[in-house]
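Presented below is the structure to which this report refers.
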Amino acid sequence: MHYISTRASSGNAPERKRFCEILLEGLAPDGGLYLPEYYPQVSDATLTQWRGLSYAELAFEVLSLYIDDIPAADLKAICDKTYTEEVFGTQEIVPLRPLESGLYLEALSNGPTLAFKDMAMQLLGNLFEYELARRGEELNILGATSGDTGSAAEYAMRGKKGVRVFMTSPAGRMSPFQQAQMFSLKDENIHNIAIEGVFDDCQDIVKAVSNDLAFKRQYKIGTVNSINWARLMAQVVYYFAGYFQATKSNAEKVSFTVPSGNFGNVCAGHVARSMGLPIDKLVVATNENDVLDEFFRTGIYRVRTSADTHETSSPSMDISKASNFERFVFDLLGRDGGKTRSLFHDQIASQGSFELGADPAFAMAAERYGFVSGKSTHADRLATIRDTYQRFGTMIDTHTADGVKVAREHVQPGVPMIVLETALPIKFAATIEEALGQPPARPARFEGIEALPKRVKLLPADAAVIKRYIAENVH
Ligand SMILES: *Cc1c(COP(=O)(O)O)cnc(C)c1O
């Protein structure tokens, strides 16, 4: 399997890379995102075979279709080591729980940091360690987080050989639980940097440091953000696992609802569907930051300004643009890299938006790919958390609540609707208390973490200072 950029020009033959080459890279050199040259097709017979597999075995089968530069035995060992009951809490890894008839929750949040990002990040940690050892190289991961990504990355990379993490976050802006999760880590290769500023300042610093190519090369700076293909690929697996749990035969279809921000999670659903998994609808659920809902309703993709990006009670979906969206649009445009470049590079830069709605093919194409969407507000979130708790005794987090609210608007008779549970309620306790008048349950291993000593360095929002800090701590 080879990988190409979403902005590859069709004129000259596009540059093709193997999996391990793009594993440690972020964006493609032309500014595009990597995608496999084609989506491998999964036959009915293969689906039947995969039904009986454990999660780790299933992961190995799916990943094998995309990775041919790691020996099979090694890849198998990596999958076995990653997806264990010990790390993810159950033998199923992603168990399905029923709510009302026809609606299910797929539990993706029982990993080390209690959000679905662990599903991919845990694999990434093991792939990085493997590939860096093979090359005899080191990597210093520089990231920016408003909560879930940073902790998932740190728990995946802690203690890994050849990897250091420098994670910036806006000082005092994450929930107390999220701060405690990250700052209580004692591993020497994990560096928490609290920035005197907001999340955008953290992102700007990461960008500024990454744009300093000499510094980047000298200090082997890398990233683990959601545009990394390996993360997306790892997420494809749980669409298959959810499908097998909700159906008895491959003649049945299911739909998925995905609480969405950067479009990474639901893009993995698009890949699974493109491989032949019988998915009927992919329902994109957004909060008040409705960039994606607007696109699927109107065909207009409009990037928001910082002033127009709302702080909500489902903060991991508070985005101004959806960084993985370019992958879907590339497919939507028949994989025309030139056209994708002109939309995401030229039109976004000059006017902050583009419109596909006028294109008569748009509605048909989005429909052909199964996409629909909906939006949820703070009041919807509270009502959904309350209703789900009262009727089923199930506590859901704020992001999952956005999903459940929108899913209910798209349920069709005879088609199971699976809502992806993207975090556990304990991560967003204040809103749960607001909805239910009682605090969410806390897994035993997180008892008292807010009281543990914190390892964090407070620094000003200044890229030069951050560079100096990295240089001092790389040895
Ligand atoms: C990251 C995150 C999301 C959004 O996922 P995308 O892949 O960015 O669309 C939703 N919910 C939670 C809890 C998250 O951490």
Side-chain angles (χ1 to χ4, degrees), residues 33 105-122 124 143-156 169 174-175 177-178 181-182 199 203 224-236 238-239 256-272 282-293 295-296 309 312-328 371 373-376 381 385 396-407 419-429 431-432 440:
L33 280 64
L105 284 179
E106 184 172 356
L108 304 181
S109 305
N110 297 305
T113 73
L114 309 183
F116 86 98
K117 292 190 171 68
D118 289 329
M119 295 300 306
M121 209 69 94
Q122 287 288 312
L124 204 66
T145 188
S146 53
D148 293 339
T149 306
S151 57
E154 292 188 355
Y155 281 73
S169 59
M174 295 189 291
S175 78
F177 184 85
Q178 287 177 318
Q181 270 187 314
M182 287 175 54
F199 177 58
Q203 275 193 314
V224 286
N225 47 26
S226 78
I227 57 152
N228 185 302
W229 164 256
R231 280 182 64 181
L232 213 132
M233 176 192 64
Q235 293 171 176
V236 171
Y238 53 68
Y239 283 88
F256 285 92
T257 299
V258 187
S260 292
N262 274 316
F263 204 77
N265 199 356
V266 74
C267 194
H270 163 65
V271 173
L282 286 165
V283 185
V284 178
T286 75
N287 63 18
E288 291 88 336
N289 297 291
D290 57 353
V291 180
L292 291 168
D293 181 44
F295 175 81
F296 285 106
T309 306
T312 76
S313 47
S314 44
S316 299
M317 293 156 58
D318 293 349
I319 48 105
S320 55
K321 60 181 170 41
S323 52
N324 269 288
F325 188 54
E326 182 168 334
R327 286 195 162 104
F328 172 65
F371 275 91
S373 71
K375 148 181 188 179
S376 162
R381 232 163 274 143
I385 291 168
I396 53 174
D397 99 289
T398 51
H399 307 76
T400 309
D402 289 331
V404 170
K405 186 263 179 186
V406 173
V419 180
L420 300 185
E421 180 180 53
T422 55
L424 291 198
I426 184 66
K427 294 197 95 167
F428 306 97
T431 308
I432 305 299

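Every number for a ligand or one of its atoms is a count from 1 in the order of the listing.
Residues passing the side chain to side chain contact (heavy atoms under 4.5 Å, CB included) test with S146 are F199, sequence neighbours excluded. Every residue meeting the side chain to side chain contact (heavy atoms under 4.5 Å, CB included) condition with P315, not counting sequence neighbours, appears here in chain and number order: D318, H399, F428. Residues that satisfy the side chain to side chain donor-acceptor pair (under 3.5 Å) test with D118, not counting sequence neighbours, are T113.
Under the 4.5 Å side-chain criterion, counting only non-hydrogen atoms from C-beta, K427 is in contact with S151.
Protein neighbours of ligand 1 below 4.0 Å, counting non-hydrogen atoms: F116, K117, D148, P259, S260, G261, N262, F263, G264, N265, S316, M317, H399, T422, A423.
Between F328 and H270, the ring planes lie perpendicular to each other; the angle is over 60°, past the 30° to 60° tilted range.
No more than 12 heavy atoms of other residues, nucleotides or ligands shown are found within 6.0 angstrom of NZ on K321.
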